[in-house]
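As structure tokens, the structure follows; a few thoughts come after it.
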Amino acid sequence: MGGARSALYNWLVARRTGGTFILRIEDTDAERNREEWVEGIYSSLRWLGLDWDELYRQSERADLYREAAEKLFAAGAAYYCDCTREDVVARTGDQNRGYDRFCRDRGLEPGPGRVLRFLVPDEGATVVHDLIRGEPVFEHTAIEDFPLVRGNGSALFILANVVDDVDNRVTHVIRGEEHLPNTPKYLLLWRALGGPEEPVFAHLPVLVNEQRRKLSKRRPEDRVELELYRDEGYLPEAMINYLALLGWGPGGDREFLTLDELMAEFRLEDVNSSPAFFDQKKLLHFNQHYIAALPPEEFVERCRPFVGEQADTAEFQALAPLVQERVKTLAEAPGMVAFLFTDEVAYDEKDWDKRVARHPDAAALLDETAAAFESCLWDADTLRDAVAEIGERHGQGLGKAQFPVRVAVMGKAVGPPLFESMAVLGRERTLNRLRAAQARLGSSA
RNA sequence: GCCCCCAUCGUCUAGUGGCCUAGGACACCACCCUUUCAAGGUGGCGGCACGGGUUCGAAUCCCGUUGGGGGUGCCA
């Protein structure tokens with residue numbers, strides 16, 4: 001989720017400035033990389049509609065990184081080190097102290113198991129120019145001699161990133177705030193590599209959960225995978241809109257913006273600097289709004305993965321507008337229209353019990369309604385008037401009187417408007433269901 | 001521990017020294033509408049963390065305190 005928000009902001013900046021949006025797969029750690037995760041990135045980005053101009057994987061550029069490492073070592077900007085984590089902790093007595101520079105002057109040559117470390121200057125400080133955070137200063141004494149290359153010869157992420165960013169002439173580094181502490185290292189490396197004009201940085205506020213902790217894949221309840229939302233029937237435009245608002249606002253009282261509007265109005269300089277809670281409830285509200293705003297034909301189209309081929313029927317089409325304003329996700333659509341696609345109504349037993357079995361006049365209501373429906377005109381208004389009149393005879397308002405009919409025809413007490421639904425269902429099927437309900441009620445009584 | 005970041009209703013935000021007795025949205029509550037459920041409408045609840053400055057005037061600028069978060073990996 002955080003990555004998607006970062007991607008969106010990057011995409012927005014690239015598109016509005018005529019820049020190039022580069023998708024780079026940072027898979028330098030072969031052991032942790034999984035092909036399905038990479039596929040997940042592609043499909044999620046495509047789902048959101050964030051198209052990329054260039055694509056490459058760092059795992060294909062190892063030669064470039066090796067070359068840069070050799071150059072750094074030759075120039076004395078980096079040195080080899082054979083200390084293990086345990087060695088360092090044993091010497092410093094501190095789990096979180098960072099590397100103690102033990103190997104700086106040992107003159108180690110490259111070799112298996114030896115990491116290449118960047119030699120951070122003892123003096124001075126590095127200033128980060130950040131569009132969102134101003135100019136944080138990092139004293140070099142507080143920066144450890146960080147590793148660039150693993151003992152197995154592969155590049156770590158910071159080396160790969162700087163090499164690629166120099167190579168790509170990257171102008172904007174827009175990423176999560178958790179990377180801010182890496183930035184002085186990035187800058188030191190950039191300069192050591194003789195990079196051209198430095199990029200401008202924008203460190204976005206992190207996305208947090210209810211406990212105000214950074215959203216994490218490790219915590220399933222954080223629900224950070226986009227696929228989860230796609231599969232539950234969230235609309236990408238709702239997700240985009242909501243994500244854009246996490247850390248940024250268009251000013252004034254507007255909240256609903258299309259991708260095009262975002263592109264026109266988004267400014268990195270206006271991004272907030274404090275963490276934002278990813279509120280699934282508000283996302284749901286956005287989704288509901290976007291579903292209701294869909295043209296009915298498109299709603300039907302988008303429901304197909306959830307409703308199946310039956311989504312194409314004229315009955316579903318006819319009811320679509322009434323369904324749209326009653327669902328918050330596309331996944332709820334089947335429950336709304338299932339009654340259209342069956343001959344045998346599946347009763348919700350609770351509703352049947354409460355609204356039919358224990359309804360004082362259910363039997364009479366069902367009988368009279370069935371009789372009236374035999375020959376009346378078949379449109380929603382007529383059907384409503386008929387039931388209203390029958391209800392009146394029993395001293396009941398339409399709100400109460402419709403329940404036995406509703407449960408008989410649709411199987412449950414909640415759903416799309418009854419009379420419109422019956423109009424779509426047709427006389428024969430409606431009558432069959434009323435009779436089935438009469439029989440069921442009679443046999444249980 | 002050390003480094004860095006952050007601080008307006010519960011949440012996301014508007015607000016960039018006077019337009020603020022702080023506006024909107026989500027959530028929540030009430031009422032209206034109503035064929036269920038929704039949607040919609042109206043109203044309500046609720047906030048500038050605290051303390052010092054600067055200024056005629058501060059939510060807005062400065063300092064400090066407190067609180068929260070991130071980093072501190074041969075992960076990214």
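Since the structure is predicted, the reported quantities are computational estimates derived from the model, not experimental observations.
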**Study point:** Heavy-atom donor-acceptor pair, A:Arg406 side-chain to B:U36 base, under 3.5 Å
**Key:** yes
Review point. Which is true for A:Pro416 with a 4.0 Å heavy-atom rule: it touches a base, it touches only sugar-phosphate, or it touches nothing?
Key: base
Practice item. Taking only the side-chain nitrogens and oxygens of A:Arg150, find out if one of them lies under 4.0 Å from OP1 or OP2 of B:C75. Key: yes
Review point. Is any side-chain N or O of A:Arg212 under 3.5 Å from a base N or O of B:U11, one able to act as donor and the other as acceptor?
Key: no
Practice item. Looking at every strand, decide which applies to A:His203 at a 4.0 Å heavy-atom threshold: base, sugar-phosphate, or nothing. Key: nothing
Check your understanding: Mind checking whether A:Phe256 and A:Tyr290 have parallel, tilted or perpendicular rings, split at 30° and 60°?
Key -> perpendicular
Exercise for review: Write down the distance between CD (A:Gln211) and P (B:G70), rounded to a whole number of angstrom.
Suggested key: 12 Å
Point to revise | base_contact_polar (B:C5 base, A:Arg133 side chain, donor-acceptor, <3.5 Å) | key: no
Review point. Whole-Å distance between B:A39 C1' and A:Met336 CE?
Key: 11 Å
Point to revise | N/O (side chain, A:Asn272) to phosphate O (OP1/OP2, B:C6) under 4.0 Å | key: no
Exercise for review: Return the orientation label for the A:Phe316 and A:Phe299 ring planes: parallel under 30°, perpendicular over 60°, tilted otherwise.
Suggested key: tilted
Study note, to complete from the structure: B:A39 -> Watson-Crick or G-U wobble partner, both distances under 3.5 Å, gives none
Study note, to complete from the structure: Any strand, both distances under 3.5 Å, Watson-Crick or G-U wobble: B:U72 pairs with B:G1
Exercise for review: Would you indicate which nucleotide in B:A76, B:C12, B:G73 comes nearest to any side-chain atom of A:Glu144?
Suggested key: B:G73
Point to revise | Residue-phosphate contact under 4.0 Å: A:Gln288 side-chain N/O, B:A39 OP1/OP2 | key: yes
Check your understanding: How about A:Val115 and A:Tyr80: do any of their side-chain heavy atoms sit closer than 4.5 Å?
Key -> no
Check your understanding: Think A:Arg32 has a side-chain N or O under 4.0 angstrom from the OP1 or OP2 of B:G73?
Key -> no
Point to revise | A:Glu261 CD: over 12 foreign heavy atoms closer than 6.0 Å | key: yes
Review point. For the residue pair A:Phe157 and A:His179, does the interplanar ring angle fall in the parallel (under 30°), tilted (30 to 60°) or perpendicular (over 60°) class?
Key: tilted
Practice item. Please state whether the phosphate of B:A76, meaning OP1 or OP2, lies under 4.0 angstrom from any side-chain nitrogen or oxygen of A:Thr28. Key: yes
**Study point:** Pairing nucleotide - B:A7, Watson-Crick or G-U, each distance under 3.5 Å
**Key:** B:U66
**Study point:** Presence of donor-acceptor pair under 3.5 Å, side chain of A:Lys328 and base of B:A38
**Key:** no
Exercise for review: Verify the contact: side-chain N or O of A:Arg114 to OP1 or OP2 of B:C74, cut-off strictly under 4.0 Å; return yes or no.
Suggested key: no
Exercise for review: Verify the contact: side-chain N or O of A:Arg213 to OP1 or OP2 of B:G69, cut-off strictly under 4.0 Å; return yes or no.
Suggested key: yes
Review point. At under 4.0 Å, does any side-chain N or O of A:Arg85 touch on OP1 or OP2 of B:G73?
Key: yes
